[in-house]
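Heads up: the structure comes next, in structure tokens.
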Amino acid sequence: MDTVPDLKNNISFEDFKTEVLNDYKIAVTSRECSLLGRREVLTGKAKFGIFGDGKEVPQLAMAKAFKKGDWRSGYYRDQTFMMAIGELSIEQFFAGLYANTNLELEPMSAGRQMGGHFVTHSLDDNGNWKDLTKQYNSSADISPTAAQMPRLLGLAQASKIYKNLKDINPTNFSINGNEVAWGTIGNASTSEGLFFETINAAGVLQVPMVISIWDDEYGISVHAKYQTTKENISEILKGFQRDEENNGFEILRVKGWDYANCMETFQEASIIARNEHVPVLIHVQELTQPQGHSTSGSHERYKDGKRLAWEADFDCNKKMREWIIESGIANNETLTSIERIIKRDVKEGRKNAWDVFLRPIQNEQQDIIALLKNVAAKSNNGAFISKIKDALVSINEPTRKDLLSNARKALRHTIGESHTEKQQLSAWINNYFEFVQPKFSSHLYCETNKSALNVTEIKPTYNNEQEQVDARIIIRDNFDAVLKKYPEVLIFGEDTGNIGDVNQGLEGLQIKYGEHRVTDTGIREATIIGQGIGMALRGLRPIAEIQYLDYVLYALQIISDDLASLHYRTKGRQKAPLIIRTRGHRLEGIWHSGSQMGGILNLIRGLYVLVPRNMTKAAGFYNTLLQSDDPALVVECLNGYRLKENKPNNLGNFRTPIGVVEILKEGKDITLVSYGSTLRIVEQTAKDLLSVGIDAEVIDIQSLIPFDINHDIVKSITKTNRVMVIDEDVPGGASAYILNEILNIQNAYLYLDSQPKTLTAKAHRPAFGDDGDYFSKPSAEDIFEAVYHVMHEAKPEDFPKLR
Ligand SMILES: Cc1ncc(C[n+]2csc(CCOP(=O)(O)OP(=O)(O)O)c2C)c(N)n1
């Protein structure tokens, strides 16, 4: 038995046999789920399926090496791993396929994500942290290939932080930083930039991470020869291999069908990563995909006969079975009997999952059928309503859409009628919406008392003697106070550490708080955000700095797909209250004065987007956010650091409220709405407008998401009856968002006497230099004339044509 790995120290052969057979049972269970899962899609019970068949054996090995407190950041093939750590039952597997909205039954996302996206719960019912050191942890999967990689970096870095920073209370999160972050990725997805960016950053940071590449030679239908130089990812990553002189990665290779070697390799990886805090890469080769990529197609279309025959022979479950028999662990009969029982169990589990999914909807179906019967009896259009009711009765396996859409169609037949039954139907529809809609729309933002909207305002206070300083001093000294107050706050980004950011808002703070807390990073925006997401998932309070607003675009995918959807896609069971700090708005040229707020606003719902007009406001936003669980993007005004501001004396404590606008100048003729650097021009222009008799009210939005929660803008419009949104984004960008809020959400159209206006930049990027700005972005004269024109249209006698 010398091929047998030492799975646990000094266990008896009997125990060892039991353990191997247990593993085999999990592998077979997982395979059966894949096979039946595919059938559920093909028969229409589930909409789409993507499964872990062909990847079972190495996942058993990964599960053995995975310890409580560890983290996984992986992808849709990892069902066997999740089953092996006890975090995915047969019923839960099928509940995911059916999109069961009950979180107890479908803990991965309450039906929000398609099956194959795995998660464990970090938070309890009330949004409080569970003890993550006592459970296995999986960060919530997302579908874009390789997008699990940036977050993996932060999950691993958190261990390093907990190991090195003794002032942080590690309770619930870490035991001496001994936790390993385990990443999984398909071979083809390593072609993505995010993969290489993460590999390089992990090598630089030297964090305890194990990346496993499940290599089946294909990415859907595309062979490795189109994906990877030399068709071999570990071969081309050889330069990352650590040696005696240089840090780097430990790179291991193993054949995925070889159970014994997989066990050894994953144990070795675990020990290196855990004990030495070194990243390890395991290239798991010779894997297969027995059912093809997903339920969308069959692999016979792109694999030739030779490959298909090889895949049949080297199927990892088949190989494990052969090995069990050869090693004398069990004979064919025993294994056949195990397989028979598992087939039965999976069928039973699938049936249970379907029954519990369907039953509540069937009960709701009975309610609406009874109601429709009554309405039909009373209505003049009873025949039509009965027909709808009969159609509903004939649906054996209804969806909630079936119930609601039929109920709404039936209601139309009662237009003009007035009877109790109609009212009951109408009330049922309203109540049903109230009951069902949150199943799909809750938890985009924090819903506990840790919501940023619950943080009470504390105004900045000042000494009697005013202290006018460069505004960057306020930001810097506020960060100083923040770093002192919250040991778990870490600030990092390009040029953030040594020089204290490009505008010196962190000047001297690295020396004061150390390199772990105020840190330079490489030029790699997506993984800077990934560091933030991963560390926030593990209880730290990262502030990730993106040097300029324009470069948020490099990270926008990960902010949008991962961070913004995290709370929503876990139905509030994971949180990453990451603060992203950047600076932007008007400066110079195409690349440094962009204000692509419209794109950002539309892509990152799930974060708050704050646009403070000065550094005191910005500092107050950071102070508010640190009291809350919501992630946010804060855009400081790039041209505001050298302007003078009065320095508050309660730095670190004052808080700018979120979602609240501020009226900077009262007026009666028109409401001017703006934010950020352009706001300063609007304020100045409002003074100029007074000289021609136009008294404008000026409102600073401050917080684009959430937007004016008290509806103060419409209150202003009830007075002025006119509104103009002034914005330096492209036409139809942020201004369209703002106008939608004012007109559709606040119903301002009811009070308007003039056309609601937007004044924006040109559609192109802003050109360089003073003239570039003047001819690209809204200028003081543009604003003056646009406002004057509105007043001219309204009162031509008072405001004769200007030009
Ligand atoms: C960014 C992105 N591009 C394309 C896809 C579509 N897609 C899903 S899986 C996949 C192939 C992935 O292959 P591989 O990484 O080898 O993993 P496997 O499924 O073979 O295990 C592709 C192209 C996607 N999900 N995300």
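Ligands are counted one by one from 1 in listed order, and the atoms in each one are counted from 1 as well.
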For [X], the ligand 1 atoms whose distance to one of its heavy atoms is below 4.0 Å:
X: D216; answer: 20 (O), 21 (O)
X: Y75; answer: 17 (O), 18 (P), 21 (O)
X: E192; answer: 1 (C)
X: G186; answer: 14 (P), 15 (O), 16 (O), 17 (O)
X: H293; answer: 9 (S), 10 (C), 11 (C), 19 (O)
X: A188; answer: 13 (O), 14 (P), 15 (O), 16 (O)

Self-check item: Between W214 and N187, a side-chain donor and acceptor under 3.5 Å
Solution: no

Quiz prompt | Side chains of D78 and T184, donor plus acceptor under 3.5 Å | solution = yes

Exercise. Measure from the ring center of Y608 to the ring center of Y445 and say whether it is less than 6.0 Å.
Key: yes

Quiz item: Are Y24 and Y259 close enough that their ring centres sit under 6.0 Å apart?
Solution: no

Quiz item: Which option, S143, S189, S296, owns the non-hydrogen atom nearest atom 25 (N) of ligand 1?
Solution: S143

Quiz item: Who's closest to atom 1 (C) of ligand 1 heavy-atom-wise, of T145, I220, N187?
Solution: T145

Self-check item: Backbone N/O of H443 and side chain of H567: donor-acceptor pair under 3.5 Å
Solution: yes

Quiz item: Is E311 reaching over with its side chain to a backbone N or O of Q289, donor-acceptor style, under 3.5 angstrom?
Solution: yes

Quiz item: For ligand 1, which part of D215 has a heavy atom less than 4.0 Å away: the side chain, the backbone, both, or neither?
Solution: neither

Self-check item: Under 3.5 Å: N/O of R77 near N/O of ligand 1
Solution: yes

Quiz item: Would one find an N or O of G219, backbone or side chain, under 3.5 Å from an N or O of ligand 1?
Solution: no

Quiz item: Out of curiosity, is Q227 lining ligand 1, as in a heavy atom under 4.0 Å away?
Solution: no

Quiz item: Hey, does Y218 sit under 4.0 Å from ligand 1 if you only count heavy atoms?
Solution: yes

Exercise. Assess K319 against F314: is NZ or CZ under 6.0 Å from the centre of the six-membered ring, and within 45 degrees of the ring's axis?
Key: yes

Quiz prompt | Verify atom 6 (C) of ligand 1: protein non-hydrogen atom under 4.0 angstrom away | solution = no

Self-check item: Closest non-hydrogen atom pair, L287 against G54
Solution: CD2-O, 3.3 Å

Self-check item: Option passing side-chain contact (heavy atoms from CB on, under 4.5 Å) with I211 (candidates I199, I251, V280, I282)
Solution: I199

